[in-house]
Amino acid sequence: MTLLALVDCDNFYASCERVFRPDLRKKPIVVLSNNDGCVIARSKEAKAMGIKMGVPWFQIKRAYLAQGGEAFSSNFALYGDLSSRVMHVLAGMVNNIEVYSIDEAFLDLQHMQTSSHAYEFGIYCRNIVRQWVGIPVRIGIAPTKTLAKIASHIAKQRAGGTGVLCLNEQHHIERALKNLSVHEIWGVGRNLSRRLNALNIYSGYELMQSDTRFIRDKFSVVLERTVRELRSEQCLQIHRNTEPKKQIIVSRSFGKKIVDLEQMRPLVSNFAVRASEKLRNEGQKCLQVSVLIFTSPFNNQAQYRGFHTIQFPSPVSDTRDILAGAQTALSNCFKRGYSYAKAGVILNQFSKHSITQGLLFNEIDQCIHVKQDDKLMQYIDSMNEKQAQIYYASQSPGHLLPITKSMTSPRYTTNWLDLPTAN
DNA sequence: TCTGGGGTCCTAGGACCC
DNA sequence: TCTGGGGTCCTAGGACCC
């Protein structure tokens, strides 16, 4: 039987904040979303204090700080860099790795003959990452991705354990599944678990025992795969991370509500510029740009979601084209009389940068004339690489984003000025 | 006063084809 | 009065993930 491992960083953002601040060991830590809006990560100690994931910061702030808790605004430059260091170390230890998220990776353990061999490897792996990067990880080993997720989930709950759990023997798997509710299984969210419960399927074991045909008819092939994976049948492979992105989204909530179109325009321009940079960085071009604007679902005022898509006559990655498209889309979905809390720009329908399909007839929209200039964009990207030097007129860099971050830690590993010093 | 951001996959249904 | 069968492609929306 072949095995695979899920390596999962413990309370990742909170652990990152500790790497250069050993004084924070054992202290409760929370990390906040943009605008210090809500809690998006918690250390073990913060969880023990009863701080819930996603809770608005303003609701718990006073009591939490009064009890000696530490809080940080999110510092993605730091988390992203530490993540790539962890992944780099892991990649050096196996032939095949899938980086699944900022704090998780699947490792192919095909070459491990026995589960005790795999377990020892897990322990070694965990020690090395801890020693070289400073981030604690937890490792679940099993025959399938879904079971490996469960193994790491159980390893997390076992206080004082080694942080490594191998779930391989059939009777161990069955015992674990009997103690697991369906909503704790990877791929079963709130909706599916509600529907499963209605059919008297509550535990992982009951789900595993369900008829695959029945699950497929009543639900989908996705859930059928989950059932098969619970039975140790490998349905989800380890993907090397070579597949290109299919969509790019840049969106933010605003610190202050936006009420008129002229205030909104420069913000949408900023998102469009950022999205275009990401697109070129991926070596791709797109055929569609969409703009989304939302009111806040938390106030009692009238709600509105605006969405509009612009189709280009040929693939583009030139910021000027994407800006023009985004502004047209914004004009088409903006409605007066609402106060907007969030906006975003989405790029879709990608093609490889090097391949350009010309149009025989420019029949989509005669009004759109594509500027697309690869050379110009290359120059601008190289000038803006370290620090933005060239802006587009519609951006108004003076107020790039009305975002507040009051408690951000230094960019210890990505900025010379923030390097930690001896004292 | 203050409530995150960025993705993937699948399905149903409509448009269109012969 | 009676109105086929089989297919593809695209999109919107829903589900999930971290």
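On a predicted model such as this, the values are computed, not experimentally measured, just so you know.
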Between Lys245(A) and dG6(B), is there a contact of a side-chain N or O with OP1 or OP2 at under 4.0 Å? no

Look through every strand shown and name the nucleotide pairing with dC18(B) as Watson-Crick or G-U wobble, where both distances are under 3.5 Å. dG5(C)

To the side chain of Lys342(A), which of dT3(B), dG5(B), dG6(B) is closest? dG5(B)

Are Glu45(A) and Arg18(A) within salt-bridge range, i.e. N to O under 4.0 Å? yes

Flag, side chain of Gln284(A) to backbone of Lys245(A), donor-acceptor distance under 3.5 Å: yes

Students often get this wrong, so: under 4.0 angstrom with heavy atoms, is Ile102(A) touching a base, only sugar-phosphate, or nothing? nothing

Would you please confirm or rule out a distance under 4.0 Å between OP1 or OP2 of dC10(B) and any side-chain N or O of Arg225(A)? yes

dC18(C) to dT3(B) separation - P atoms, rounded to the nearest Å: 25 Å

dG6(B), dC18(C), dT11(C): which one has an atom nearest the side-chain heavy atoms of Arg252(A)? dG6(B)

Using a heavy-atom cut-off of under 4.0 Å over every strand shown, decide if Trp186(A) touches base, sugar-phosphate, or nothing. sugar-phosphate

Would you classify Leu223(A) as touching base, sugar-phosphate or nothing, given that sugar-phosphate means primed atoms plus P, OP1 and OP2, and contacts are heavy atoms under 4.0 Å? nothing

Measure from the side-chain heavy atoms of Lys246(A) and tell me the nearest of dC16(C), dG5(B), dT8(B). dT8(B)

Cys38(A) side chain, from C-beta outward: closest of dC16(C), dT3(B), dG7(B): dT3(B)

Answer yes or no: is there an ion pair linking Lys285(A) with Asp374(A), defined by an N-O contact shorter than 4.0 Å? yes

The residue, Lys257(A) or Pro244(A), whose nearest nucleotide of DNA chain B is more 5′ is Lys257(A)

Using a strict cut-off of less than 4.0 Å between a Lys/Arg side-chain nitrogen and an Asp/Glu carboxylate oxygen, indicate whether Asp318(A) and Arg320(A) qualify as a salt bridge. yes

Checking side-chain polar atoms at under 3.5 Å, does Thr309(A) have a donor or acceptor matched by the opposite partner on Gln288(A)? no

Examine dA15(C): is either OP1 or OP2 under 4.0 Å from a nitrogen or oxygen in the side chain of Ser220(A)? Give yes or no. no

Can a side chain N or O of Ser251(A) be found less than 4.0 Å away from OP1 or OP2 on dG6(B)? yes

